[in-house]
Amino acid sequence: MLKDLLEARLAPALHAAGAPEGSAVALTVSTKPEFGDYQMNGAMGAAKRLKRPPRELAEAVLAHAQLDDLVSEASIAGPGFINLRLREAVLEARLNPFEAEVLAPRGAGAEASRVVIDYSSPNLAKEMHVGHLRSTIIGDALARCFDHAGWNVLRQNHVGDWGTQFGMLLAFLNSLEADDGNRVAEAELSDLEQFYRRAKARFDEDPAFAALSRETVVKLQQGDPACRAAWQRFIDVSLSHCEALYGRLQVTLTREHVHAESAYNDALPGVIETLRDQGLLQESDGAQCVFLDEFKGKDDAPLPLIVQKSDGGYLYATTDLAAVRYRCDSLEADRALYLVDKRQGLHFKQVFAVAQAAGFITRPCSFEHMPFGTMLGEDGRPFRTRAGDVIKLSDLIDEAERRAEALVAEKNPALAAAERTEIAKAVALGAIKYADLSKHRNNDYVFSWDTMLSFDGNTAPYLQYAYSRIQSLFSKAGLAPESLKASVKLEAPQERALALVLLRTEEVLQQVRDQGLPHLLCTHLYEVATAFTAFYEHCPVLSAPDSGTQASRLALARRCGATLRQGLELLGIPVVQRM
RNA sequence: GGGCGCGUAGCUCAGUUGGAUAGAGCAUUCGGCUACGAACCGAAAGGUCGGGGGUUCGAAUCCUCCCGCGCCCGCCA
């Protein structure tokens with residue numbers, strides 16, 4: 001990375017200039033072009049700690065730094081900024097062997113570690129709805145980013161397949177089958193949402209049925225074979241629904257990534273046992289709880305994590321503790337990321353703390369809740385239909401594809417129907433995902449069809465468009481991008497600016513992995529696309545002044561296209577040749 | 001009551017962990033196709049970064065106190 005290259009020279013220089021051990025170089029991208037490419041801010045911070053004039057320390061840093069081969073201009077500005085401008089030759093050298101850096105995964109490199117990513121994790125009792133979108137999309141983008149960097153990624157779809165509502169559903173299923181026979185019941189399951197609603201209605205109206213439901217839960221949990229078989233059938237149908245949606249969304253989750261709640265059933269008594277052995281368990285109002293000093297409730301009262309109900313039943317805290325154990329011991333993860341709604345922040349803080357206290361974390365593994373906010377409608381309230389119902393994911397995708405198709409037809413009427421549909425699907429998918437991924441996940445965000453499908457600004461269609469323009473260059477030139485042998489020679493300022501942005505990609509991906517923030521990649525790709533259009537406006541490619549310039553510009557365009565395609569792919573968004 | 005998070009341009013959002021004159025995109029106003037894709041580009045205008053105080057060379061960012069909103073806080077997940 002460019003940044004590493006400079007830091008490797010600046011860190012020793014900062015030290016040699018007298019800065020205390022561990023002083024940050026604080027190298028950042030320059031805020032303005034006149035400040036060069038990168039700026040080092042660390043001299044000022046270090047000077048403060050040394051109580052020395054910052055400019056003087058900055059001068060000492062420059063005196064000690066060996067930068068000549070990398071930097072064409074290094075100057076001190078303001079209170080003690082060090083502004084650096086990289087040599088074109090350095091940029092060119094790193095730009096040209098692009099296949100190795102951009103296209104090929106780094107494989108078992110420096111970061112070859114194992115990361116568990118817990119995402120999507122819908123409840124199988126119901127059909128997937130927009131509430132599952134964020135975890136699914138953000139988690140999948142992160143999984144792709146870690147994959148690309150050579151991590152061993154262990155996707156975990158922690159689906160909800162256990163719990164009280166399954167008693168109700170199974171009881172309802174049984175009653176339908178008693179009435180109508182199996183075939184009809186299968187048909188009923190084709191619309192899970194409606195099935196759930198009907199079961200719930202009966203549960204609320206019919207006390208006998210409610211009682212039956214509760215009995216059914218007990219039978220299920222005791223392992224009654226008939227009950228288990230019906231449950232398994234229900235789960236299979238529900239999982240198939242999920243898989244169909246994952247397919248439409250081009251999400252990389254498959255059945256092998258499913259590690260359901262029920263998979264931890266056998267481990268739950270052991271969790272309680274260990275907690276008891278560790279002396280962490282306390283009974284409170286009949287429930288088994290863990291109280292840790294760091295968690296306080298009202299009036300400094302201790303705040304429990306309840307791990308076993310007074311009736312002996314286990315809770316999701318118990319399951320999550322078992323999952324921590326499994327992910328640490330059996331999966332041998334180095335990091336475990338939980339893409340779960342931010343409302344569960346306290347829950348995970350407690351679970352991770354209890355797991356630590358109980359010794360469940362037996363090896364260095366960082367457990368990280370990656371919270372995200374709620375998807376809101378344009379009225380600022382949680383995104384729902386007019387009637388107040390949750391919006392089914394399948395309906396959302398249908399609507400996006402319908403709108404995208406109309407849009408593509410309007411913008412490019414010349415396209416044949418088949419290609420138009422293909423493009424519309426790519427645009428729809430990009431719109432849905434990018435709308436979500438381009439915002440900081442921690443905040444709630446407002447869902448808007450118009451913003452989403454807009455072709456302007458920081459949107460997926462804009463990026464897809466930039467990519468298709470590059471492809472158009474190559475098809476007009478009548479050559480395949482791979483066949484190009486020329487290397488990039490940077491001359492125009494727009495070429496240089498584009499090169500610089502492209503070479504920042506790895507830095508950005510590093511941040512995405514460190515912080516679990518895919519929106520940083522979105523922002524970066526948008527910068528790539530705008531830098532490309534500036535280049536495209538000012539630097540004729542096909543009608544370049546000479547063949548050398550043309551070849552160089554094509555090589556730069558190719559590199560840019562590869563970065564856009566790769567970047568979008570890491571976000572789970574497809575590109576198209578034409579649109 | 002306690003805890004967590006949020007509050008930045010009319011709207012939707014960034015802000016690289018304390019750095020230079022706070023940035024984009026929509027929308028608005030103006031300008032650019034006999035131009036490799038105008039599905040584009042350029043320009044203008046738009047701000048007391050919720051408010052006060054503090055820390056220092058320097059604060060949207062850190063500390064503190066208020067205001068407003070959201071969420072969480074013992075047997076749902």
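In what follows, every chain begins at residue 1, and chains take the letters A, B, ... in the order their sequences are listed.
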Exercise. Is it the case that A/N265 and A/Y314 place a side-chain donor and acceptor less than 3.5 Å from each other?
Worked result: no

Problem set entry | Spacing of A/K309 atom NZ relative to B/G74 atom P, expressed in whole Å | 15 Å

For this session: Check every atom of B/A14, B/C75, B/A77 against the side chain of A/Q344 and return the nucleotide holding the closest atom.
Result: B/A77

Exercise. How about A/T421 and A/E405: does a side-chain donor come under 3.5 Å of a side-chain acceptor?
Worked result: yes

Problem set entry | Heavy-atom closest pair, residues A/A46 and A/L14 | CB-CD1, 4.3 Å

Exercise. Counting side-chain heavy atoms from CB outward, which of B/A77, B/A39, B/G37 is closest to A/K411?
Worked result: B/A39

Problem set entry | Distance, P atom - from B/C65 to B/C4, rounded to whole angstrom | 12 Å

Exercise. Does any nucleotide pair with B/G37 by Watson-Crick or G-U wobble geometry, both distances under 3.5 Å, and what is it?
Worked result: none

Seminar exercise, completed: Winner on side-chain proximity to A/L542, out of B/C40, B/G74, B/C36, is B/C36

Exercise. Around A/K342, counting heavy atoms of other residues, nucleotides and ligands shown, do more than 12 lie under 6.0 Å from its NZ?
Worked result: yes

For this session: Name the closest nucleotide to the A/V446 side chain, picking from B/U12, B/C75, B/G37.
Result: B/U12

Exercise. CG of A/L503 to CG of A/L5: how many Å apart, nearest 0.5 Å?
Worked result: 10.5 Å

Exercise. Going by modelled atom types, is there a donor-acceptor pair between the base of B/A39 and the side chain of A/Y465 at under 3.5 Å?
Worked result: no

Exercise. Looking at A/Y445, does the NZ or CZ of A/R134 lie under 6.0 angstrom from its six-membered ring centre and within 45 degrees of the ring axis?
Worked result: no

For this session: Could you say whether A/Q511 or A/T164 is positioned toward the 5' end of RNA chain B, judged by the nucleotide with the nearest heavy atom to each?
Result: A/Q511

Exercise. Expressed as a whole number of Å, how far does the P atom of B/A9 sit from that of B/G52?
Worked result: 16 Å

Exercise. Expressed in angstrom and rounded to an integer, what is the separation of A/H440 atom NE2 from B/C13 atom P?
Worked result: 13 Å

For this session: Check every atom of B/A77, B/C13, B/C40 against the side chain of A/R469 and return the nucleotide holding the closest atom.
Result: B/C40

For this session: Both distances under 3.5 Å, Watson-Crick or G-U wobble: report the partner of B/U12, or none.
Result: B/A24

Problem set entry | Rounded distance in Å between the C1' positions of B/G15 and B/G25 | 15 Å

Exercise. Does A/K476 place a side-chain N or O at less than 4.0 Å from the phosphate oxygens OP1/OP2 of B/G37?
Worked result: yes

Exercise. For B/U56, which nucleotide in any strand shown is its Watson-Crick or wobble partner with both distances under 3.5 Å?
Worked result: none

Exercise. Reading nucleotides 1-10 of chain B from the 5' end, what letters show protein touch, with B for base, S for backbone sugar-phosphate only, - for no heavy atom under 4.0 Å?
Worked result: B---SS----

For this session: Verify the contact: side-chain N or O of A/H347 to OP1 or OP2 of B/C76, cut-off strictly under 4.0 Å; return yes or no.
Result: no

Exercise. Atom CZ of A/R504 and atom CE of A/M1: how far apart are they, to the nearest 0.5 Å?
Worked result: 13.5 Å

Problem set entry | Same-atom distance (P) from B/C6 to B/C57, integer angstrom | 28 Å

For this session: At under 4.0 Å between heavy atoms, which parts of nucleotides 19-27 of chain B does protein reach? Answer with one letter per nucleotide, 5' to 3': B base, S sugar-phosphate only, - none.
Result: BB---SSS-

For this session: Give the nucleotide from the list B/C73, B/C41, B/U56 with an atom nearest to the side chain of A/L303.
Result: B/C73

Exercise. If we take the P atom in both B/G51 and B/U29, what is their distance in whole Å?
Worked result: 30 Å

Problem set entry | Full working for side chain to side chain donor-acceptor pair (under 3.5 Å) between A/Y119 and A/H158 | CA-CA 7 Å; A/Y119 70 103; A/H158 190 89; over 6 Å; no

For this session: For B/G37, take OP1 and OP2 only and decide whether either is under 4.0 Å from a side-chain N or O of A/Y467.
Result: no

Exercise. Which residue lies toward the 5' end of RNA chain B, A/A534 or A/K48, if each is placed at its nearest nucleotide?
Worked result: A/A534

Exercise. Is A/R565 positioned over the aromatic face of A/Y467, cation under 6.0 angstrom from the ring centre and no more than 45 degrees off axis?
Worked result: no

For this session: First locate atom CG of A/D293, then atom NZ of A/K296, and finally report the distance between them rounded to the nearest 0.5 Å.
Result: 5.5 Å

For this session: Quote, to the nearest angstrom, the P distance that separates B/G31 from B/C49.
Result: 34 Å

Exercise. Please give, in whole Å, the distance from B/A14 P to A/R441 CZ?
Worked result: 12 Å

Seminar exercise, completed: In whole angstroms, the gap separating P of B/C36 from CZ of A/F532 amounts to 13 Å

Problem set entry | Pairing partner of B/G47 (Watson-Crick or G-U wobble, both distances under 3.5 Å) | none

Seminar exercise, completed: note: A/Q494, atom CD; B/C36, atom P; distance rounded to Å ~ 18 Å

Exercise. Going by a 90° cut-off around 0, is B/G42 syn or anti?
Worked result: anti

For this session: Compare all side-chain heavy atoms of A/P382 with those of A/M375 and state whether any distance is below 4.5 angstrom.
Result: no

Exercise. Hey, what do you get for CZ (A/R578) to CD (A/Q464), rounding to the nearest 0.5 Å?
Worked result: 15.5 Å

Exercise. In terms of side-chain heavy atoms of A/P540, which of B/G37, B/A39, B/C36 is nearest?
Worked result: B/C36

Exercise. How long is the gap from NZ on A/K309 to OG1 on A/T318, to the nearest 0.5 Å?
Worked result: 9.5 Å

Seminar exercise, completed: Sorted by number, residues from residues 285-294 of chain A placing a heavy atom under 4.0 Å from RNA chain B are A/D285, A/A287

For this session: Please state the P separation for the pair B/C63 and B/U55 - nearest whole angstrom.
Result: 15 Å

For this session: Please check the phosphate of B/A14 (OP1 and OP2 only) for any side-chain N or O of A/T523 closer than 4.0 Å.
Result: no

Exercise. Among B/C13, B/G37, B/A77, which is the nearest nucleotide to the side chain of A/Y445?
Worked result: B/C13

For this session: Dump the intermediate steps for ring-ring contact (aromatic ring centres under 6.0 Å, His included) on A/F81 and A/F35, then the final yes or no.
Result: CA-CA 9 Å; A/F81 296 100; A/F35 298 152; 7.2 Å; no

Exercise. Using atom P of each nucleotide, how far apart are B/U61 and B/U48 to the nearest Å?
Worked result: 16 Å

For this session: Please lay out, stage by stage, how A/R327 and A/D118 fare under the test salt bridge (charged side-chain N to carboxylate O under 4.0 Å, His left out).
Result: CA-CA 10 Å; A/R327 290 165 183 185; A/D118 176 332; 3.0 Å; yes

Seminar exercise, completed: Mate of B/G70 across any strand shown (Watson-Crick or G-U wobble, both atom pairs under 3.5 Å) is B/C4

Exercise. Just how far, in rounded Å, is C1' of B/A39 from CD1 of A/I470?
Worked result: 15 Å

Problem set entry | Partner nucleotide, any strand, of B/G18 [Watson-Crick/G-U, under 3.5 Å] | none

For this session: Can you establish whether the number of heavy atoms outside A/K425 located under 6.0 Å from its atom NZ is more than 12?
Result: no

Exercise. Would you say the side chain of A/Q515 and the base of B/U17 hold a donor-acceptor pair, judged only by whether the two atoms sit under 3.5 Å apart?
Worked result: yes

For this session: Send over the distance from A/Y536 OH to B/C40 C1', rounded to a whole Å.
Result: 9 Å

Exercise. How long is the line joining CE of A/M40 and P of B/U16, in whole Å?
Worked result: 19 Å

